[in-house]
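Notes follow the structure.
The figures that follow rest on heavy atoms only: side chains count, while hydrogens, waters and symmetry mates do not.
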Amino acid sequence: MVNTTLVTHFLLLGFAEDPEMQTLCAVLFLLMYLVALMSNLLVFTVLTLDPQLQAPMYFFLKNLSLLDVSLVSVPIPKFILNSLTHNNSISIPGCAFQLLFMTCFSASETFILTAMSYDRYVAICCPLHYEAIMSGQACVLMAGASWALGGLLGTSYTAGIFPGPFCGSCVIPEFFCNIPSLLKISCSDTFLAVYSSLGIAVCLVLSCFVCIVFSYVHILSAVLRIPSRKGQSKAFSTCLPHLFVLTLFMIGAFMVYLRKPADSPPVIDRLPSVIYTVLPPILNPVIYTLRNSDMKQGLRRLLPALPAHWVPFL
């Protein structure tokens, strides 16, 4: 019988081993976390309180802001605490909850971004039927399905990985618990639930990808047929930011979840995790409001004392 050492806790591989560099990383991540938290909560508050910003696009943007706050709040506070205390350990239950919520929120965000691409498609390609297609009931149904499917995927992944024991190395080569690293050190003989969830997730992601490609091909075709340059510019200004955020988020997620984990990867190989978890929550509020006059006016109505030149930068 092979002698294996059962894992009782995990060690999260951060970005530095030197205590001073760990403290510096903690400060940098704290600043990024506060920017992401405050900007997304501000966008969520404006969209919730302003009665003039209740269109379907803003409804999905409100859900996106809430998901961004939730997603960035799962791994970053733990990483900051570990870096300040120079202790990279995380308990098995803590890792399980981290995996559960990270998977739930990231999957839900993918579905919300897909719904937003469909919303832009209907607005540009079927403007006369926009209100009928994107009714309040349809928007609530799409948002609810996004949250529910994300929760289902996160629960199935966590339930498939954590009932079994872990053995061998306890080091996770990321600053948060992720599926590939946990599968590598799992001693469980059965991964039926995990592989079933993986198959379902791949099918759903491919469906989202097909929907997004379909939407933007038709959007591009419709925009190019607009006779005025001003009309084309306005249409592109509402779609290109969404496409940029979506591309950034999905590339980072693919690099985190589909890359074969190494025992001790270089720091640069851990940067996709930052792109996936931190950059989208920081960029989303800026990208979606920087050139949106309605959002700027809503912000001025909420904060009338705010200087006008602060509004474009939230």
Side-chain angles (χ1 to χ4, degrees), residues 10-16 22 24-41 43-44 63-84 88 90 94-113 146-147 150-151 153-154 157-158 161 171-183 201 205 208 242 244-259 261-262 265-288:
F10 299 110
L11 293 177
L12 299 174
L13 195 62
F15 296 95
Q22 288 181 350
L24 178 61
C25 287
V27 173
L28 292 176
F29 272 78
L30 177 60
L31 292 175
M32 291 190 291
Y33 176 66
L34 291 177
V35 169
L37 194 66
M38 293 173 63
S39 58
N40 279 284
L41 288 177
V43 170
F44 181 84
N63 278 268
L64 182 64
S65 296
L66 186 58
L67 281 168
D68 280 337
V69 169
S70 302
L71 180 62
V72 79
S73 296
V74 175
I76 303 304
K78 177 62 176 176
F79 172 74
I80 294 172
L81 179 62
N82 284 355
S83 298
L84 290 176
N88 294 334
I90 183 172
C95 189
F97 279 108
Q98 199 173 78
L99 177 67
L100 171 65
F101 291 121
M102 285 287 292
T103 310
C104 288
F105 296 140
S106 59
S108 297
E109 183 156 338
T110 302
F111 299 136
I112 286 292
L113 289 169
S146 299
W147 284 86
L153 287 176
Y157 275 126
T158 307
I161 293 176
V171 176
I172 295 177
E174 294 285 353
F175 69 93
F176 61 89
C177 296
N178 65 348
I179 296 170
S181 300
L182 291 170
L183 288 177
V205 170
C208 291
H242 172 260
F244 174 77
V245 171
L246 180 64
T247 302
L248 184 69
F249 177 76
M250 296 194 76
I251 288 177
F254 284 141
M255 294 181 70
V256 169
Y257 289 108
L258 299 183
R259 184 183 59 193
V267 174
I268 193 171
D269 287 349
R270 290 169 243 165
L271 292 182
S273 301
V274 181
I275 296 175
Y276 162 63
T277 57
V278 181
L279 280 188
I282 291 176
L283 294 178
N284 280 342
V286 177
I287 288 175
Y288 283 110

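Looking at heavy atoms from C-beta onward, Phe105 lies in side-chain contact with Val74 at the 4.5 angstrom threshold. Counting only heavy atoms from C-beta outward, the side chains of Thr103 and Thr158 never approach each other to under 4.5 Å. By the 4.5 Å heavy-atom criterion applied to side chains, Glu174 and Leu12 are not counted as neighbours. Inter-residue side-chain proximity for Met102 and Cys177 is flagged as unmet; no heavy-atom pair is nearer than 4.5 Å. In this structure, Met32 and Val72 have side chains that are not in contact, with every pair of non-hydrogen atoms separated by 4.5 Å or more.
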What side-chain donor-acceptor pairs closer than 3.5 Å can you find for residues 278-287, not counting sequence neighbours?
unit_1 : atom_1 : unit_2 : atom_2 : d
Asn284 : ND2    : Asp68  : OD2    : 2.5
Asn284 : ND2    : Pro280 : O      : 3.3

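Closest approach of Ala26 to Ser83, counting heavy atoms only: CB-CB, 3.6 Å. Nearest heavy atoms, Ser39 versus Val35: OG-O, 2.6 Å. Residue Asn40 comes nearest to Ser65 through the heavy atom pair OD1-CA, 3.5 Å, listed as atom of the first residue, atom of the second, then distance. Pairing each heavy atom of Cys95 with each of Ile172, the nearest pair is SG-CD1, 4.1 Å.
Remark: Leu81 CG to Ile76 CD1 distance equals 12.5 Å, nearest 0.5 Å. Expressed to the nearest 0.5 Å, how far CG of Leu30 lies from CD1 of Ile80 amounts to 4.5 Å.
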query: When you look at Phe44 and Val69, which way does the side-chain contact (heavy atoms from CB on, under 4.5 Å) test go after all the steps?
result: CA-CA 10 Å; Phe44 181 84; Val69 169; over 6 Å; no

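Judged as a ring pair (Phe, Tyr, Trp, His ring centres under 6.0 Å), and not counting sequence neighbours, Phe111 has no contacts. By the ring pair (Phe, Tyr, Trp, His ring centres under 6.0 Å) test, Phe29 is found to be paired with Phe15, Phe79, Phe175, residues two or more places apart in sequence or in another chain being considered. Partners of Asn82 by side-chain hydrogen bond (donor to acceptor under 3.5 Å, both in side chains), not counting sequence neighbours, listed by chain and number: Lys78. Every residue meeting the side-chain hydrogen bond (donor to acceptor under 3.5 Å, both in side chains) condition with Asn63, not counting sequence neighbours, appears here in chain and number order: Trp147. Partners of Gln98 by side-chain hydrogen bond (donor to acceptor under 3.5 Å, both in side chains), not counting sequence neighbours: none found.
Ser146 places no side-chain N or O within donor-acceptor distance of the main-chain N or O of Ser108, the cut-off being under 3.5 Å.
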